[in-house]
Student: 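Take a look at this one; I'll ask things after.
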2 protein chains.
Amino acid sequence: MTPGEVSFILEATVSKTFWKQEKFAAGRGAPMGEVRLRDIAERLGVSVTTVSRALAGYNDVAPKTRQLVLRTAREMGYYPNLTARQLQRRRTDTIGLVVDVTGPRFSDPLFSELLAGVGNRAAREGFDLFVATMLPDTDDELQAYRRLVRGRRVDGIIVVRTRVADRRVQFLLEQQFPFITFGRSTITDHVSWVDVDGERGVQMVVERLIAAGHRHIAMLQPDLPLMFALLRERGYRRAMRAHGLPVKETWIVRRPLTEDGGYQGMQHLLRLRTPPTAVVAGNDQMAIGAIRALQDRGLRAGSDVAVVGFDDIPLARHVHPSLTTLRQPIYEIGQHLCRLLVAVLRREADGPRHLLLQPELIVRESARL
Amino acid sequence: MTPGEVSFILEATVSKTFWKQEKFAAGRGAPMGEVRLRDIAERLGVSVTTVSRALAGYNDVAPKTRQLVLRTAREMGYYPNLTARQLQRRRTDTIGLVVDVTGPRFSDPLFSELLAGVGNRAAREGFDLFVATMLPDTDDELQAYRRLVRGRRVDGIIVVRTRVADRRVQFLLEQQFPFITFGRSTITDHVSWVDVDGERGVQMVVERLIAAGHRHIAMLQPDLPLMFALLRERGYRRAMRAHGLPVKETWIVRRPLTEDGGYQGMQHLLRLRTPPTAVVAGNDQMAIGAIRALQDRGLRAGSDVAVVGFDDIPLARHVHPSLTTLRQPIYEIGQHLCRLLVAVLRREADGPRHLLLQPELIVRESARL
DNA sequence: CTGTTAGCGCTTTCAT
DNA sequence: ATGAAAGCGCTAACAG
């Protein structure tokens, strides 16, 4: 919004005395660049095999030898070359995550929380995390997956925002590559997933809106074929039908899943002959946009039009009026995704695993329920 | 804030007919699990070397042979095993990023934007991104770095929030491992960095506060020895001194870099005998906490007490009153970090590179300047 | 132009 | 209890 004032850039080597120079003990934390098993073996006059086994903790090494190897390895600062190990073991102990970063001002609050959940759990399970970013519009999305899968850079993949006919899911199935999705997809067999029950969540919200007297209830849906949108719409229709209320197709508006999208969508709804008195948005950003559109028309969310979001991002309780929303426990979802995928990788899982979490309705000011 | 209602969890295999089953063309996108150079070579009756060179685009392969190899490779669905290639080439073409995810409700808006910048640039430069997460309190922080460096999992590292005597920087220097930092550190030689000139930024802000009539100006600083805090404090002191204003040490309050920290810190300041009329916070979250503390005392940020944040997170323009803040162009910073690091890795850089960006003052309601 | 040879650093039979 | 040998899949120096 702020006109982008060009910031002054200085690219140069700053003088050494520009600011206080603190000396670190150049310490004898030796450099010891490149210690291989072989180096230890040669030093000790044993074979590489023995060193390898001693370090791996096999029991067919003489205690005395093991001690010696262990000590020497520490002394020499040995650290295994993970790449070599991966090649030999034919696995990477790494989990892949492809995230479509939406341009410069991307900062999906859900994402960092998901990453935290996945990452922490992965570390706990002894797995590394590999993150590939890509602009979602660029069609080399599959390219990124191909790289991870075919290049054997990871052992398993987490797919994050499932779409209705998800090529990524299709690809991974074809490749018979281990993966788990956040969100269901149109294929459910042989696919592990974690999801939040948006269908039921929205159904419940709509029912509570109806109970509160609302009859004209609209949906601000994403303009992409996202799986969660499809399911939530089903919940919406079911609730309306259950109460004998007609669903006017013009009440279902599809816009980008952004604040601006919500703004546009709400504007559109307000221009209808019979504008809705309540709106369920695809996510909190859209809901916030909708609130803003109402304000610009002199209306107030909560009293004039009820607005419900989805996700409960940190911002939700800060906007005015604060946002009534369906909360998704993203951090926990991240942990579950990782946990279940690891179970599959370790073959602890007999078949695909499914985990359906219920969203929690957080009632605030934008919709009194 | 909301009492954590236990969400209902269902972990089970959902029936296959639970929802519409869409058939994907089982397509002949064959599985072709494991095609090696050798497989192509054998099929064609040439040597592995020839195949490798043809694929790599060397010019010492007969055009006819090259064509044949290329076609066969495509037919057989060949994709190089990246691990093997890494081992042989002795490089990974991967950049590492260690992020300290602060617990469950972590969602640093800056982080996702930084990641987007780094990731997109990395992809453009032909590099992969490796992300390690860890809880910051756990002292195995260095462990994570050691793994990346000594395990040779990455070629270079981006260190993100420099501290005053940064062990990570020290470690990487000792290891003579290529890296770049976001934020300066107490060592500047041989270290490449990108930073935002918080010293000058804060100095300017304080001067404008003084020009607006403020005399009692406080700082809400982080309670950790972060490098940026040290530098900004210097800017603050300089501005005060330049105008002959005393700096009361009680005006510099150190609290966690969170909304709550800002809240606590502001409360503390309000209890002083001479409370400040203006506050410069360590980041936007702290500033928001400060605003809240003011509200709880019946005061209003902007009119009663001026509050200035730092970063310009998306939330900043949404809070009430909206936040006056110093904007950091995080996405661009991510790109620069990646760009400069890659230059170092490619040895295009003669020495360490430094890039100092000026923050942009965004004036909103919380401090009229 | 192409093939032979020699690894990258590690793990893992299989003998001894 | 230890070592020799055989790779994991790829690249690259060196002959021819």
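This is a predicted model, so every value here is computed, not measured. Chain A is the first sequence line, chain B the second, and so forth, proteins listed ahead of strands; every chain is numbered from 1.
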Student: Grab the CZ-P distance between A:Arg38 and C:dT11 for me, whole Å please.
Tutor: 16 Å

Student: Could you work out, with side-chain hydrogen bond (donor to acceptor under 3.5 Å, both in side chains) as the rule, every residue matching A:Arg347, not counting sequence neighbours?
Tutor: none

Student: Which residues, if any, of residues 79-89 of chain B bring a heavy atom under 4.0 Å of DNA chain C?
Tutor: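 When residues 79-89 of chain B is checked for heavy atoms under 4.0 Å from DNA chain C, the hits, listed by number, are B:Leu87, B:Gln88.
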
Student: First and last nucleotide of DNA chain D in contact with chain B, 5' to 3', at under 4.0 Å to a heavy atom: what are they?
Tutor: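 Contact span on the strand: D:dG9 to D:dC14.
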
Student: Do side-chain atoms of A:His354 reach the backbone of A:Asp195 as a donor and acceptor pair under 3.5 angstrom?
Tutor: no

Student: Test of understanding: with side-chain hydrogen bond (donor to acceptor under 3.5 Å, both in side chains), list the residues that count as partners of B:Arg163, not counting sequence neighbours.
Tutor: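 Here the qualifying residues are B:Glu141.
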
Student: Anything under 3.5 Å between a protein N or O and an N or O of nucleotides 13-16 of chain C, put it in a table, one pair a line.
Tutor:
none

Student: Heavy atoms, side chains only, cut-off 4.5 Å: are B:Leu97 and B:Ile157 in contact?
Tutor: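 No - every pair of side-chain heavy atoms lies 4.5 Å or more apart.
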
Student: Please report the distance, rounded to the nearest Å, between CD1 in A:Ile40 and P in C:dT11.
Tutor: 11 Å

Student: To the nearest angstrom, how far is A:Arg91 atom CZ from C:dT11 atom P?
Tutor: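 For the pair A:Arg91 CZ and C:dT11 P, the rounded distance is 10 Å.
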
Student: Quick one: bend of the helix from C:dC1-D:dG16 to C:dT16-D:dA1 from 5 pairs per end, to 10°?
Tutor: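 Terminal axis comparison yields 40°.
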
Student: Among all residues two or more places apart in sequence or in another chain, which pass the salt bridge (charged side-chain N to carboxylate O under 4.0 Å, His left out) test with B:Glu125?
Tutor: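 By the salt bridge (charged side-chain N to carboxylate O under 4.0 Å, His left out) rule, B:Glu125 matches B:Arg121, B:Arg346.
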
Student: Between B:Ser192 and B:Val344, what is the shortest heavy-atom contact and its length?
Tutor: OG-CG2, 4.1 Å

Student: Checking A:Asp128 now: which residues fulfil side-chain hydrogen bond (donor to acceptor under 3.5 Å, both in side chains) with it, not counting sequence neighbours?
Tutor: B:Arg147, B:Arg153

Student: With a 4.0 Å limit, can you tell me whether B:Thr50 has a side-chain N or O closer than that to the phosphate oxygens OP1/OP2 of C:dT2?
Tutor: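 Result: no.
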
Student: Write down the distance between CZ (B:Arg90) and P (C:dG9), rounded to a whole number of angstrom.
Tutor: 6 Å

Student: Which heavy atom in A:Arg168 sits nearest to a heavy atom in A:Thr162, and how many Å separate them?
Tutor: NH2-CA, 3.7 Å

Student: So which pairs with a foot in residues 52-72 of chain B pass side chain to side chain donor-acceptor pair (under 3.5 Å), sequence neighbours left out?
Tutor: none

Student: In whole angstrom, give the distance that lies between atom CG of A:Leu55 and atom C1' of C:dG9.
Tutor: 13 Å

Student: Do any side-chain atoms of residues 84-91 of chain A form donor-acceptor pairs under 3.5 angstrom with protein atoms, and if so which ones, sequence neighbours left out?
Tutor:
residue: A:Arg90; atom: NE; partner: A:Gln88; partner atom: O; Å: 3.4
residue: A:Arg90; atom: NH2; partner: A:Gln88; partner atom: O; Å: 3.1
residue: A:Arg91; atom: NH1; partner: A:Asp93; partner atom: OD1; Å: 2.8
residue: A:Arg91; atom: NH1; partner: A:Asp93; partner atom: OD2; Å: 3.2

Student: Does a side-chain N-to-carboxylate-O contact under 4.0 Å join A:Arg152 and B:Glu34?
Tutor: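 The answer is yes: the pair qualifies as a salt bridge.
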
Student: Could you work out, with side-chain hydrogen bond (donor to acceptor under 3.5 Å, both in side chains) as the rule, every residue matching B:Thr133, not counting sequence neighbours?
Tutor: A:Asn120

Student: Quick check for you: to the nearest 0.5 Å, what is the distance between A:Leu148 atom CG and A:Thr94 atom OG1?
Tutor: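 Spacing of CG (A:Leu148) from OG1 (A:Thr94) equals 10.5 Å.
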
Student: Quick one: salt bridge (charged side-chain N to carboxylate O under 4.0 Å, His left out) partners of A:Arg38, sequence neighbours excluded?
Tutor: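 In terms of salt bridge (charged side-chain N to carboxylate O under 4.0 Å, His left out), with neighbours along the sequence ignored, A:Arg38 is linked to A:Glu42.
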
Student: Rounding to a whole Å, what distance do you find between B:Tyr58:OH and C:dG3:P?
Tutor: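 Computing the B:Tyr58:OH to C:dG3:P distance gives 17 Å.
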
Student: Take atom OH of A:Tyr78 and atom P of C:dG9, then tell me their distance rounded to the nearest Å.
Tutor: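 Taking OH of A:Tyr78 and P of C:dG9, I get 10 Å after rounding.
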
Student: Describe the nucleic acid contact of A:Val46 in one word from base, sugar-phosphate, nothing, applying a heavy-atom distance below 4.0 Å.
Tutor: sugar-phosphate

